[in-house]
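Index from 1, following the sequence. The structure presented is a predicted model; accordingly, all values stated were derived computationally and were not measured.
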Amino acid sequence: MKSSLARLTTALCAVLLVAAACGGNSTPSPKPATTPSGSVAAPTGTPAGATATAAVPTDAPPSVAPPSEAPPSDVPASGAPTASPAPTTLRVDPEVPEGAVLVRWFCCLGAGDAPEQVTDELAAIDAFNASHDTIKIAFEVVPYAAARDALATEIASGNAPDIVGPVGVGGANAFNDQWLDLQPLIDQTGYDMSQYQQGAVDFYKIGDVQTAIPFAIYPSVMFYQAGMFTEEIGLAEPPHKYGEKYVIQGEKAAALFGVAEGTEVDWTYDTVRKLGLLLTVDVNGKDATEAGFDPTQIVQYGFEPQRDDLRGLGAYFGPGKLAADDGTTVQIPDPWAAAWKYVYEGTWKDHFIMSGPTFESPEFQGGGYAFCSGKVAMQTNFLWSKYCLEGTADAPAPAGDNWNMAAVPVYQGDPSAAFNADTFRLVKTTKHPLEAFTAMTYLEGEASADLLNTYGGMSARPAEQEAFFAALDEGFQYPPLLTPPDWQVVKDSVQWADNPNFEAFMPKYNESLDILNTYLTKWTHTDGLDIDAEITALKDELQATWNQ
């Protein structure tokens with residue numbers, strides 16, 4: 001074991017362009033479900049008998065399309081690409097006894113490439129290989145920014161892996177015709193699907209084809225800073241239960257809403273806008289409703305949308321998809337257009353939402369998301385974003401000790417809580433489907449507790465969720481929270497998951513993501529645009545691409 005680790009470390013450090021990743025003073029990547037490190041540092045363990053090689057792929061340029069789960073490390077969340085070193089691929093191949101089957105696991109179209117995640121993945125492989133004589137798992141890690149291109153190359157060259165994951169909806173839809181139907185294997189092995197809610201099972205069904213088994217889910221909530229509401233200007237906290245109204249409290253809120261204190265109003269995005277104005281403060285202590293407010297010197301913002309993907313941003317206003325039912329015509333769902341206008345005007349007119357440059361500035365980055373800086377009052381985001389709310393004894397979390405979670409606001413009709421989910425899939429060309437299914441269900445079964453923890457995912461098995469939340473509570477010790485997070489909000493958000501999911505398949509998937517990313521960057525970085533004209537231009541450009 002020791003000699004294997006030494007070989008692994010030497011191989012990795014020889015090619016990593018981020019040399020500090022191999023040093024004792026390096027800062028580990030956070031543990032979100034999906035914030036890739038951009039390179040793979042030497043793990044602290046490797047499967048028994050394993051050897052490792054590392055290579056820099058030359059045929060896989062980094063993609064600039066942000067994933068649904070989180071932006072890759074070389075792409076700011078607003079979508080503006082920046083120069084980055086070539087990603088490093090890690091391969092770990094175990095010794096395979098005569099007669100045994102080797103199953104190849106490819107990572108990372110979603111989570112999995114942060115150094116500490118690789119360590120946990122290797123530990124899972126080590127345990128499997130030690131307990132199985134006739135099946136062995138090999139492991140390939142490609143950082144998120146290059147993973148789609150690398151997997152496409154492997155499939156095209158006839159060298160596809162057997163297992164791919166963890167992978168979200170968007171990553172899977174980029175290869176929508178490559179996945180094996182698992183139903184025959186489920187039937188053959190008697191795999192127990194009753195441990196999952198039927199809705200979670202159906203989430204991965206296309207007709208009669210079961211493309212995946214539920215694994216990790218990431219509902220959305222509204223994170224908020226309770227102290228900014230109650231202590232600073234005497235506002236009531238946002239409602240935690242879906243369907244509850246917001247109570248107007250404080251003279252300033254009553255005046256802005258035009259109602260008496262104690263009045264209940266719907267928990268809508270209009271309510272969020274008004275509260276956002278009150279909670280946006282400049283360097284002189286004036287909020288965005290006051291005369292003399294300076295929008296160029298804002299030190300605290302009222303609201304921050306989840307902005308990794310234009311489709312996801314729109315999904316918080318209502319479910320939808322870009323491809324019409326004919327599969328070839330671009331449609332812009334009305335709630336999405338409304339959401340894009342809301343964010344654009346909130347950024348450049350009302351100033352309670354950050355511009356792209358502000359969002360990307362170190363001052364407002366708290367480990368990956370602006371809310372985690374402690375300078376944002378409210379933010380809609382997925383559960384996986386909780387990683388940057390966790391601190392250490394030496395570096396307490398900048399978000400502080402008085403945040404919590406509330407229900408996602410409503411645009412029109414029912415709430416829409418944009419939804420992320422990760423799982424593992426089998427490639428349809430696998431020559432060893434039964435063995436690959438055995439390895440995959442091990443990762444989603446016996447190894448799931450450790451893997452879900454390192455990915456930051458909530459188990460899709462209802463029976464395991466309480467233990468998951470109890471473990472999360474242990475992570476919020478630096479600083480200790482004044483009030484435990486209300487995890488019931490997370491559970492309740494599942495029923496309001498957007499359906500169809502915003503990452504539903506669309507033609508020319510990767511090219512379309514690049515177009516969406518370009519417009520997201522433009523809108524978050526440019527004042528004075530005609531947003532209606534911009535939306536029309538986006539639709540036309542997508543349609544032209546789909547028609548090619």
Side-chain angles (χ1 to χ4, degrees), residues 220-241 244-257 261-262 265 267 271-290 293 297-306 346 351-354 358-359 363-381 383 385-393 395-409 472-473 475-490:
S220 293
V221 297
M222 172 74 91
F223 292 90
Y224 71 95
Q225 290 283 356
M228 292 183 185
F229 280 79
T230 60
E231 297 170 12
E232 293 184 7
I233 55 175
L235 297 174
E237 295 182 32
H240 289 203
K241 294 185 181 298
E244 284 189 349
K245 295 180 180 292
Y246 181 74
V247 180
I248 301 301
Q249 183 173 298
E251 292 182 5
K252 296 195 72 171
L256 182 59
F257 280 82
E261 288 193 63
V265 298
W267 182 233
T271 299
V272 169
R273 172 187 171 274
K274 291 173 181 174
L275 293 174
L277 293 171
L278 292 172
L279 291 162
T280 298
V281 182
D282 70 10
V283 70
N284 298 311
K286 292 184 178 294
D287 69 49
T289 69
E290 293 181 299
F293 169 75
Q297 297 290 324
I298 298 174
V299 296
Q300 175 181 299
Y301 282 85
F303 175 64
E304 173 60 28
Q306 210 289 331
H351 306 293
F352 70 97
I353 298 173
M354 296 181 189
T358 300
F359 178 85
E363 180 183 1
F364 289 98
Q365 285 291 309
Y369 281 90
F371 181 80
C372 297
S373 69
K375 298 175 182 178
V376 176
M378 297 176 281
Q379 177 168 12
T380 48
N381 214 334
L383 177 61
S385 67
K386 62 86 189 170
Y387 77 89
C388 58
L389 298 170
E390 300 174 343
T392 66
D401 61 2
N402 198 16
W403 59 267
N404 214 315
M405 293 173 286
V408 170
L472 286 187
D473 280 332
F476 302 119
Q477 304 299 321
Y478 304 104
L481 299 182
L482 298 181
T483 304
D486 186 356
W487 299 119
Q488 187 61 46
V489 178
V490 178

Visitor: Would you compute the distance between atom CG of Asn404 and atom CD of Glu237 and round it to the nearest 0.5 angstrom?
Guide: 7.0 Å

Visitor: Any side-chain heavy atom of Tyr369 sitting closer than 4.5 Å to one from Leu389?
Guide: no

Visitor: Would you say that Lys252 contacts Glu290 through its side chain, given a criterion of any heavy-atom pair below 4.5 Å between the two side chains?
Guide: yes

Visitor: Are Trp487 and Met405 packed together at the side-chain level, in the sense that at least one heavy-atom pair is separated by less than 4.5 angstrom?
Guide: yes

Visitor: Where do Ile353 and Pro305 come nearest, in terms of heavy atoms and distance?
Guide: CG2-CD, 3.6 Å

Visitor: Measure the spacing between OG of Ser373 and CE of Met354 and express it to the nearest 0.5 Å.
Guide: 5.5 Å

Visitor: Using 0.5 Å steps for rounding, measure from the NE2 atom of His351 to the CG atom of Asp287.
Guide: 13.5 Å

Visitor: How long is the span from the CG atom in Leu277 to the OG1 atom in Thr289, to the nearest 0.5 Å?
Guide: 7.0 Å

Visitor: Do Gln488 and His240 touch side chain to side chain, with heavy atoms closer than 4.5 Å?
Guide: no

Visitor: Are the side chain of Glu244 and the backbone N or O of Pro239 linked by a donor-acceptor pair below 3.5 Å?
Guide: no

Visitor: Taking all non-hydrogen atoms of both residues into account, name the closest pair between Thr380 and Pro409 and its distance.
Guide: CG2-CD, 4.2 Å

Visitor: Check step by step if side chain to side chain contact (heavy atoms under 4.5 Å, CB included) holds for Phe476 and Glu390.
Guide: CA-CA 5 Å; Phe476 302 119; Glu390 300 174 343; 3.5 Å; yes

Visitor: For residues Pro398 and Cys372, report the shortest heavy-atom separation together with the two atoms involved.
Guide: CG-O, 3.0 Å

Visitor: Using modelled atom types only, decide if a donor and an acceptor are shared between the side chain of Asn284 and the backbone of Lys286 within a distance under 3.5 Å.
Guide: no

Visitor: Is the shortest side-chain heavy-atom distance between Val272 and Trp267 below 4.5 Å?
Guide: yes

Visitor: Quick check for you: to the nearest 0.5 Å, what is the distance between Lys375 atom NZ and Glu304 atom CD?
Guide: 14.0 Å

Visitor: Using every non-hydrogen atom in the two residues, find where Ala377 and Gly302 come nearest and quote the distance to one decimal.
Guide: CB-O, 3.5 Å

Visitor: Name the one of Trp403, Phe229, Phe371 that satisfies ring-ring contact (aromatic ring centres under 6.0 Å, His included) with Tyr224?
Guide: Phe229

Visitor: Between Ala254 and Glu261, what is the shortest heavy-atom contact and its length?
Guide: CB-CG, 3.9 Å

Visitor: With no hydrogens and no angle check, is any side-chain donor or acceptor of Asp473 less than 3.5 Å from a backbone partner on Pro484?
Guide: no

Visitor: So do the side chains of Val221 and Leu383 get within less than 4.5 Å of each other, counting heavy atoms only?
Guide: no

Visitor: Provide the closest heavy-atom pair for Ala406 versus Pro238 in the form atom of the first, atom of the second, distance.
Guide: CB-CB, 3.6 Å

Visitor: For the residue pair Phe364 and Tyr301, is the inter-centroid distance of their aromatic rings smaller than 6.0 Å?
Guide: yes

Visitor: Look at the side chain of Gln300 and the backbone N and O of Leu279, then say whether any donor-acceptor pair between them is shorter than 3.5 Å.
Guide: yes

Visitor: Measure the spacing between CG of Leu256 and CG of Leu278 and express it to the nearest 0.5 Å.
Guide: 5.0 Å

Visitor: Is a donor on one side and an acceptor on the other found under 3.5 Å between the side chain of Tyr246 and the backbone of Ala236?
Guide: yes

Visitor: Run the side chain to side chain contact (heavy atoms under 4.5 Å, CB included) test on Phe303 and Met222 for me, step by step, so that the C-alpha distance in whole Å, both residues' side-chain angles and the decisive distance to 0.1 Å come before the verdict.
Guide: CA-CA 10 Å; Phe303 175 64; Met222 172 74 91; 3.8 Å; yes

Visitor: What I'd like to find out is whether the side chain of Asp401 reaches to under 4.5 Å of the side chain of Pro396, using heavy atoms alone.
Guide: no

Visitor: Can Thr271 and Phe257 be said to form a side chain to side chain contact (heavy atoms under 4.5 Å, CB included), step by step?
Guide: CA-CA 8 Å; Thr271 299; Phe257 280 82; 3.9 Å; yes

